[in-house]
Amino acid sequence: MPLIVLPASRLLWVRVAALLFTCVAFSVAVHGASLSHGGMADWCIFCWAFSFACTLLVLLVELFGLQTRAPVSWNNFPITIACYATLLCLSASVIFPLFFLKDQRFVGEVRDYRIAATVFSCLAAVAYMGEVSLTKARPGEVAGYMATAPGLLKVCQTFAACIIFILVSDPVSYDRHAALKWCMAVYCICFILSMAVVVLCVGECTGCLPIPFSKFLSAYGLLAVIMYLTATIIWPVFQFDKHHQGGGRTSARLIAVAVLTAVNFLLYLADLAYTARLVFVSG
């Protein structure tokens, strides 16, 4: 009877650890944390469940040796998943205790379950960081684009944009002035193009572009830097003017959007700098 043998390695153990940590995190949260449906509870459960499912998929594909039959680039897919899982688990590790551990009404077993979910979420984030560190491209190494610094920056850019979309949509905070609508257009355009790059690389479709992929990356990177520079200036000017300033939670959300806009501008700037001098072989 044929046996399936999976060679032991640090990468394997890190993935198994991430699988177990995310499984425990969403299991204890669902079983005994007494969470209400909707809002941040669903987001945290999604972060853990999505990361668990994708890691399980990667392990099964490698267990059965199906990498060559997978309809995606296996040089790009696992590290892309690991990077997204890192950001998702990090966000859940921050959000979950802020929303569900500060409430002192819950004591005893419910609070213990919530503490356990937070701890295992943090452990999962560390495990995914380890996976990214082990699989990212080293200097001079031939690797897929998503394993390089610009590829990992694309993941961070799209994730930051998703958080911005969540913050500006409830309540809607970009419809009071045409300049704010321009900022929203910047977020949408850059998100779509960055996500398109991720999909093209993971799907091995970079050759479908009418121009060389490297030239597309350079042109898009320069455009994104210019657009985000305008949004970084315009958003705080029009949101924090005394005639438009909100209060309470809305103000906190607007400040968070301003910070994330500046962060994404720096990410695109670093991306452009790396892309200008990076030589890579896409898988």
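Owing to the predicted nature of the structure, the values given are computational and were not obtained by experimental measurement. Values below: every heavy atom of this structure, side chains too, minus hydrogens, waters and symmetry copies.
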Any heavy-atom pair between the side chains of [Y] and [X] that's under 4.5 Å?
| X | Y | answer |
| --- | --- | --- |
| R69 | L66 | yes |
| S121 | F96 | no |
| V58 | Q67 | no |

* Asked: Looking only at side chains, do Y145 and S73 share a donor and an acceptor under 3.5 Å apart?
  -> no

* Asked: With a 3.5 Å cut-off and no angle check, do the side chains of Y128 and T55 form a donor-acceptor pair?
  -> yes

* **Worked verdict on S194 versus Y268 for side chain to side chain donor-acceptor pair (under 3.5 Å)** => CA-CA 10 Å; S194 290; Y268 277 106; 2.8 Å; yes

* Non-neighbouring partners of T158 that pass side chain to side chain donor-acceptor pair (under 3.5 Å), sequence neighbours left out -> Y84

In terms of relative ring orientation, are [X] and [Y] parallel, tilted or perpendicular, with 30° and 60° separating the classes?
| X | Y | answer |
| --- | --- | --- |
| H31 | Y113 | perpendicular |
| F238 | H177 | tilted |
| W43 | F46 | tilted |
| Y228 | Y187 | tilted |
| F216 | Y220 | parallel |

* **With F77 via ring pair (Phe, Tyr, Trp, His ring centres under 6.0 Å) - residues at least two apart** => W74

* Looking at residues at least two apart in the chain, or sitting in another chain, which of them share a side chain to side chain contact (heavy atoms under 4.5 Å, CB included) with L267? -> L153, C156, Q157, V263, N264

* salt bridge (charged side-chain N to carboxylate O under 4.0 Å, His left out) evaluation trace for K181 with D175 -> CA-CA 6 Å; K181 294 179 181 179; D175 59 349; over 6 Å; no

